[in-house]
Amino acid sequence: MALSFCGNDRGSIAYSVDNGVLDNGCFVDALNLVPHVFLLFITFPILFIGWGSQSSKVQIHHNTWLHFPGHNLRWILTFTLLFVHVCEIAEGIVSNTWSNHLHLFMPALMGFIAATTSVVYYHNIETANFPKLLLALFIYWILAFITKMIKLWKFAEASLGVQYLRFCITALLVVLYGLLMAVEINVIRVRKYVFFANPQRVKPPEDLQDLGVRFLQPFVNLLSKATYWWMNPLIIGAHKRPIELKKIGKLPIAMRALTNYMRLKDSYEEQRVCDPDKSPSIWKSMYRAFGGPILLSSTFRYMADLLGFAGPLCISGITANMTFGVYFMFSTELLQNTSVLAVLLFLALVLQRTFLQASYYVTIETGINLRGALLAMIYNKILRLSTSNMSMGEMTLGQINNLVAIETNQLMWFLFLCPNLWAMPVQIIMGVILLYYLLGNSALIGAGVILLLAPVQYLIATKLADTQKSTLDYSTDRLKKTTEILKGIKLLKLYAWENIFCDRVEETRGKELTSLKTFALYTSMSIFMNAAIPIAAVLATFVTHAYVEEVRLSPAKAFASLALFHILVTPLFLLSTVVRFAVKALVRYVTKSNKLSNPTLLHNIAWQKQLVWTEMKRSYHVHSALCWFVSIILNPLVFVCIGECFIQVNDGFFTWGSNLSTLSDINIRIPTGQLTMIVGQVGCGKSSLLLAMLGEMQTISGKVYWSKYPFANPFSRCGITPSPHPIKNRYSVAYAAQKSWLLNATVEENITFGSHFNKQRYKAVIDACSLQPDIDLLPFGDQTEIGERGINLSGGQRQRICVARALYQNTNIVFLDDPFSALDIDLSDHLMQEGILKFLQDDKRTVVLVTHKLQYLIHADWIIAMKDGSVLREGTLKDIQTLDVELYEHWKTLMNRQDQELEKETEMESQTTLERKTLRRAFYSREAKNQIDDEDEEEEVEEDDDDNMSTTTSRRSKIPWKMCCRYLSSGGFLMVFLMVSSKLAKHSVMVAIDYWLAAWTSSNPQNQSLWSSLGVLQHRSYVPVFIILCGAAIALCLITSLTVEFLGVAAATNLHHNLLNKIIHAPIRFFDVTPLGQILNRFSADTNIIDQHIPPTLESLTRSTLLCLSAIGVIAFVTPAFLIALVPLAVAFYFIQKYFRVASKDLQDLDDSTQLPLLCHFSETAEGLTTIRAFRHEARFKQRMLELTDTNNTAYLFLSAANRWLEVRTDYLGAVIVLTAAVAAIWTSSQSGLVGLGLTYALTVTNYLNWVVRNLADLEVQMAAVKKVNSFLSTESENYEGSMDVSQVPEDWPQHGEIKIQDLCVRYDTMLKPVLKHVNAHINPGQKVGICGRTGSGKSSLSLAFFNMVDVFEGKIVIDGIDICKLPLQTLRSRLSIILQDPVLFSGSIRLNLDPECTCTDDRLWEALEIAQLKNMVKAHPGGLDAVVTEGGENFSVGQRQLFCLARAFVRKSSILIMDEATASIDMATENILQKVVMTAFADRTVVTIAHRVHTILTADLVVVMKRGSIMEYGKPEILMEQEDGLFASFVKADM
């Protein structure tokens, strides 16, 4: 049939204009075409020219984005216009049933194209910021408005009213065109771009002028905002090159932590001003600062939830399958057309998902803003914590970390869940009402089932939380024990105790696993409830309906209700979680506000009222050197006293928080430009005095004067004084604390500490502190990162860096708190001479030095002697010599004793040399390992292909199937088989239930309300099968949820057990080359992921994948035509998930890696509060915290935007699937029950598609943990077996203690050079042998060779006739004793440390303690042998710990004892005890001493001198000393 514009049914009447041109409907429609054609004609050339010129540029930078007035309104109106045009097209096509009237829908189609063009055109003009071209749109809106008005007027004339759909559509279009015209007039009014002499010049927002801002969500147009289109380049680009921090740039100003902190603070202050009597509420402040976005998000959420109900209603309409056709349609008739309903369903889904994602995004953004504000708030409070709070344990580092890492995140999550709190009840009520409307009373039964089971879900949720807490406690305990084992692994291996301590860990792990099983049980119950509730509700409803209702169940009602039940389950399941979370967040809020407003956290309670005023002044006022300089010029009075003294304390009584004064009656002065020394016994208050002068202690009474102005008020340190002129009355003090404090930064940054870098000064400081040799050892010199995340330096090295920091700062006053404590004598002398006397005194700086080294008193200009918290004497050394002879004499004897020690202590290896040796070992071994790893990686890459872009891309987008298999195989074959089969069975039964329902409802004749008894019987015959299927589904739900969780527990058990055994039995070389932190990470973070994160991800992934597959299967079964459309959809889905997974992984890594520095910065600040405040660097540290917070927030925001990007796309794909399924069903006109079945399944796809991808991405990240653990499982173990059987070794071996070393060659690894070359020696039973030599001569390697800890590749060691290499390791090591250089104690009891095997009697243990001279001390402890030893033996001194190790060696009655530099780290007194015991208690045993101080082996029977792995001299000490040019003689001379 031929087509024509006005139709061809009534000859020429259609073209008749007898009654006037405008009375011909066809002509009016033709007139409506004119504006659309005009717009297309004008805009297409401009668009093509514009695009042509744009494509030549690479990309216009986003600083050209500038929104014209009414930007968002225009987009909303245009989208509404497009929707109305779609309705107009549908109405035209549906009413054109009798003949081909093109004029009914063609103008509408052209209108749709024109509206689309208008928005594209507008966007391009806006991007180019060229408003003059908007005139074309202005003319278009006017023309369209006029033509539509004519049409509406003609309808009204023909008395076609609101009841007709075409009238309603035309009226709507008139309104929309009118509004768009108004928007255009407003742009002209504001921008004055036409008819005005001087158009307004507008700059883009400040953020967009900064090229560093890459987070563009607030600035893009509405369509890009809704679909996250602006994220495309980032996500697609990630596939080629990993996303780095540089790529995600900075945050817009409105989202930065400082902006949000100020917002929160202002709303807090506002409350204080409005109601001064009432204390401000942080909830109100949060609501005032962030309430707006939350309300917006909730609005979006409501709209999404209401649109969600369109799905079931459209299914009902389509399944009812009614068709009509008239020329002028009534308004209601269109909704009875199935094709129109299908399109409406599609649009409703798209809108619902868009609103839902917008709601999620707004809450997440607000949550992140709130978190930034709270972190800034907490940091400000931390900077004001008093030192006593930290030292008294009122506020611990753990609490601070908890506050930052967990509690602020909890509040942020609470904000995310807020919209759910009030949206869910509405959703539930609406759902129940609709169900009642569809099914009558039987729907209430189903709703009742759901409501009855909801409290059970809540109960399970609370149980889950409790179990998680107990699991956490056990895992902390397990980690503590594992850490101890790893730190003391050398000792455990040497004593053959590794299995005993391994069992201790396994025991704790057993408790943790029991808790994990309970956790798994509750999790599976929760999953089961979530899956079983809708089945139970559907069963109850439909069975009741079959027996109670008079009307038969139609497919339309059945499947609409089924879809409603699916909608209802989610809010009910989540509601329990949300409520629990809300309660938790409220509790956390209360504790947090208590912590933050706790008055004891302030320096001085009396000054609390001044807090706000001071805080405001202090927070953003950076005292620069300039202000200080100006204040000196303007106010010379400040320095009146300088000639006399810099600091003075009058009648000072200071405390650490209790009412008891720590320092009492302090009257001292610190002279300007001189060296003041503070001396006294340990614990007499020297350090406290420094802190009191810095204002860190609470003042009970008295005054501290700095130059001129007193400050008793700790806050006056901020530069706010009671005097009329606010003068900075305490300058920056260069302070080196007793406990060294380093930043997680490079060595250079630690020394310069924010000051300007001056090369000459820096070098002088490095030399003065003798840091150059240490820096040379570091892999990147002074650019090496140190601190928590960097390299761990020794105590002495850390201390010297802290002193260097104090020296480098250009301050008038320097406080040094016991800087020599961790240094050996050479370094101390060098630091004193070069650093303090030369560098500081030459600058005429005021130096206050706390020290125990009395030999330096001769250099002091002023001495303060302290005793028991008060000043004993003050004056010059001469004054004290004349006034207090007794004190002077006491000092003199102490000085002599120290000098004697020094003479002895000019050791062969000083402490510093040892530290450097350790550092070198740590580095080179690590470097060697890294080199090997790098080589492996290179080989892998070469195997793959040339390392070009495409291969890295494919490697990054691959799913780690190998690791998934490894994980599943750890869970056990049976569990995997059970999981797979039960999952498949469950989903098959679920499909069977719905198919049976379709068959049941379709068997009914339509609208038959009264039926014969035969009909009733036939109708009810479907019920038993339905009940059986539902019962089977519920049972299978339980089985599947249990199998997945317990598969997870089994895998976790096996992986941890294997990991622990592998690591415990690894050779000692493994621990030298693998950083401790890396091993610990496997036991902490990675084990936690395997224990708790992989099982739920795996469950969710399998469930959502099977749901999607079964849905697609059902749709394809109902309408095979759907398979054709499935191909392009599958391709689209493949690319979306492929791009997303790679980008998501990168962003997840960025989020994790930016969170660590933030947490470190908080704990760092808390540890170094006194130093930061002494230096007056609070402002700099605040700035750093804000930067770190913003960086972390940027990564998190991008990650959440990427999630929204994915969800919007998968949701739209889901909507397309629903549309194609509906259209295919309508066109193939299938059975109505099956159509309902297909559409219900299509709706579930939209919910689960994005979960498939999200879970896949999560699983990929989590499988990295399995990969890391697996990499350690390939570590080779030591050969514990040996070639001899244990039964062949005599019980009392070694009975004599004779050692023969024959041609021994030893190396640490097959890759490395030998450390011992052809060593030969013979040691007789009971001999005392001393081995000496310089660093690296092979002494320690020889001691390890006795225990077969190193690779003996040639020669042998024979002890009492048995070659030790043939012995089982356990036997060999359990029969020898050793005392190591560093004493190692384990947490537990004294008994455990002496005899973990529990084989000795108490008498034997007491005897050992008596020999080690510890008996009295242990008896004094409550519990005696069962007295507690804390972690690392911290509750004993180093000397006592070394004596415990001696007792431990004695308990094991071995005839051979090896002492590996055992006296290196102890004082003279302890060393004397040790020597005496060795000579008496071990008189009958063979003792091999590796000497650190030569004088300790002068009494030995035999001396072995080693050099570069060979024996140079061998014989009795007296004989060797006679060889004057010999090595031993030279060592002894150097030691004299």
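Counting from 1, the numbers follow the sequence of the chain as shown.
Side chain to side chain, S359 and Y302 fail the donor-acceptor criterion of an N or O pair below 3.5 Å. Side chains of T1097 and D1258: a donor-acceptor N/O pair is absent below 3.5 angstrom, by distance only. N1054 and S970 form no side-chain donor-acceptor contact under 3.5 Å, judged by distance and modelled atom types alone. With 3.5 Å as the limit, one finds no donor-acceptor pair spanning the side chains of S1041 and E1099. The closest side-chain donor-acceptor pair between R353 and N1250, if any, does not fall under 3.5 angstrom. A donor-acceptor pair shorter than 3.5 Å cannot be found between the side chains of T1040 and K983.
Nearest heavy atoms, R241 versus K247: O-NZ, 3.6 Å.
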**Report entry** Verdict with reasoning, W1205 to Y1139, per ring-ring contact (aromatic ring centres under 6.0 Å, His included)
**Finding:** CA-CA 11 Å; W1205 180 92; Y1139 286 129; 7.7 Å; no
Query raised in the report: Given the rule in the salt bridge (charged side-chain N to carboxylate O under 4.0 Å, His left out) test, do E365 and R1204 qualify, once you have shown the distances and angles that lead to the verdict?
Result: CA-CA 12 Å; E365 189 196 292; R1204 302 287 80 76; over 6 Å; no
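Ion pair D305/R301 flagged as a salt bridge, since at least one NZ, NE, NH1 or NH2 atom sits closer than 4.0 Å to an Asp/Glu carboxylate oxygen.
Taking the six-membered ring where the residue is Trp, F1117 and Y995 present perpendicular rings, their angle passing 60° and hence far from 30°.
A side-chain donor-acceptor contact under 3.5 Å links Q1137 to the backbone of Y1134. Under a 3.5 Å cut-off, the side chain of N1255 and the backbone N or O of W1251 do form a donor-acceptor pair. With hydrogens and angles disregarded, a donor-acceptor distance shorter than 3.5 Å links the side chain of T1105 to the backbone of L1101.
Looking at heavy atoms from C-beta onward, V991 lies out of side-chain contact with L1237 at the 4.5 angstrom threshold. For the pair Y967/L1098, a side-chain contact is recorded, criterion being any heavy-atom separation below 4.5 Å from C-beta on.
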